[in-house]
Amino acid sequence: MSPSREVREGLVNAIPNLRAFAMSLCGRSAWADDLVQETLVRAWAKADTYKDGTNLMAWLFTILRNEFYSQLRKRKREVEDVDGEEAGRLTSAPDQLPNLEMRDFKAALALLPDDQREAIILIGASGFSYEETAEIMGCAIGTVKSRLSRARTRLTEILEGDELNSGEPRTG
Amino acid sequence: MSERRDNVDPIIGDAVGSQLKALFDEFAQDAVPDRFMKLIEQLEAVEAAEASASGTSPHGHADKDAFE
C-alpha cells in the first residue's frame, strides 16, 4: 500500500532529524546517510503499518535504530572475518564542528556503549518521553532510565577526566 | 516530541543535556543532500508505475471487479 499524504510529508520533513539521529549514532559519515536512505525506503514499503495520528517521528526513529543495529551486527561479522578489529566508525572522517567543546563532546559520546548512547540521544536531544524511548528501543521504561543514568555518569567522567587526550590522536 | 512535562528527565537543560542538544541541532541543520529528495521522487515514480500497471489509481481505488 502506498503512503498517505501525511506519511509522505512526514517522511520528507523528518529527514533532518533522522540524519541528526543517525549521525549521533555513528558519526557524520556516509554510513549515517545510508541508514537514513534505508529508513526512508523501508518506511515507504511498510507505510501501511503506520497508524495515522500516532507519533510518526517515533515510528521512523524505530525503523532507523533497528536498521542501525542490524547493520552493526553485519559489519562486526564482516570486520571480524577480515582482521578481528572493531569497525572504525565514528573516527572515520574529521568533522566540521564549530568549536572544540562540541568536538570533545562528540568524541565522548562516541565512547559510550551503543545502547547508552541511544538512550541519552533519544531523551536528551530528540526530546522523546521515557515511554516513547522505551517503544523505540524495544525495552522497559526502567531499562531506558538506567541506560540514561549510566550514559550521563559515563559522559561526565569522560569529559572531566583525561580519556579524550590519551591513546589515539583525536580526529575532528 | 512529547509535550508532557511531568515526565521530563533532569538531563533536559543540564550541562550534559545542553551539549547533547547543541550537537544534535548542529547535525540537524546540515543541508539535506539531493539524494534524499531524488529517492522520494523515485519511490513515487515506482508506485505510480505499479498503480497504472495493476489498473488501480495511485490513491488506491482498486478495480473491484478484479476481486469478484
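First the proteins, then the strands, lettered A, B, ... as listed; each starts at 1.
- The side-chain contact (heavy atoms from CB on, under 4.5 Å) test with Phe36(B) is passed by exactly one of Val12(A), Leu18(A), Leu40(A), Leu11(A): Leu40(A).
- Between Lys21(B) and Ala125(A), the shortest heavy-atom contact is CD-O, 3.6 Å.
- In the hydrophobic clustering of this structure, Ile141(A) groups with Ile123(A); members are Ile, Leu, Val, Met, Phe, Trp, Tyr whose side-chain heavy atoms approach within less than 4.5 Å, directly or through other members.
- The side-chain heavy atoms of Asp33(A) and Pro33(B), taken from C-beta on, include a pair separated by under 4.5 Å.
- At a threshold of 4.5 Å between non-hydrogen side-chain atoms, the residues Gln19(B) and Met102(A) do not count as touching.
- Both the backbone and the side chain of Leu43(B) come within less than 4.5 Å of a heavy atom of chain A.
- Heavy atoms of Ala15(B) lying under 4.5 Å from chain A are absent altogether.
- For Asp14(B), the part lying near chain A is the side chain, with the backbone staying farther off; criterion is any non-hydrogen pair under 4.5 Å.
- Here Glu26(B) does not pair with Lys106(A) in a salt bridge; the nearest charged N to carboxylate O distance is not below 4.0 Å.
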Before giving the answer on side-chain contact (heavy atoms from CB on, under 4.5 Å), spell out for Ile40(B) and Arg8(A) the whole-Å C-alpha distance, their side-chain angles and the decisive distance to 0.1 Å. CA-CA 9 Å; Ile40(B) 300 281; Arg8(A) 188 205 171 279; 3.8 Å; yes
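- Using a distance-only test at 3.5 Å, with no hydrogens or angles considered, no donor-acceptor pair links the side chain of Arg19(A) to the main chain of Gln29(B).
- The CZ atom of Arg117(A) sits 11.0 Å away from the CG atom of Leu20(B) when rounded to the nearest 0.5 Å.
- Residues Val16(B) and Phe105(A) come closest through the heavy atom pair O-CZ, 3.8 Å.
- Chosen from Ile121(A), Ile120(A), Val41(A), the residue pairing most often with chain B at heavy-atom distances under 4.5 Å is Ile120(A).
- Atom CG of residue Leu23(B) and atom CE of residue Met23(A) lie 10.0 Å apart, to the nearest 0.5 angstrom.
- Considering only residues two or more places apart in sequence or on other chains, Phe24(B) meets the ring pair (Phe, Tyr, Trp, His ring centres under 6.0 Å) condition with none of them.
- Side-chain heavy atoms closer than 4.5 Å link hydrophobic residues (I, L, V, M, F, W, Y) into clusters, and following such links, possibly through other members, connects Val7(A) to Met37(B).
- Other residues, nucleotides and ligands place more than 12 heavy atoms under 6.0 Å from the CG atom of Asn99(A).
- Taking all atoms of both residues into account, the shortest heavy-atom contact from Ala20(A) to Ala28(B) is CB-N, 3.6 Å.
- Using modelled atom types and a 3.5 Å distance limit, the side chains of Trp44(A) and Glu44(B) yield no donor-acceptor pair.
- For residues 146-159 of chain A, the interface with chain B (any heavy-atom pair closer than 4.5 Å) comprises Leu148(A), Arg152(A), Leu155(A), Thr156(A), Leu159(A), sorted by residue number.
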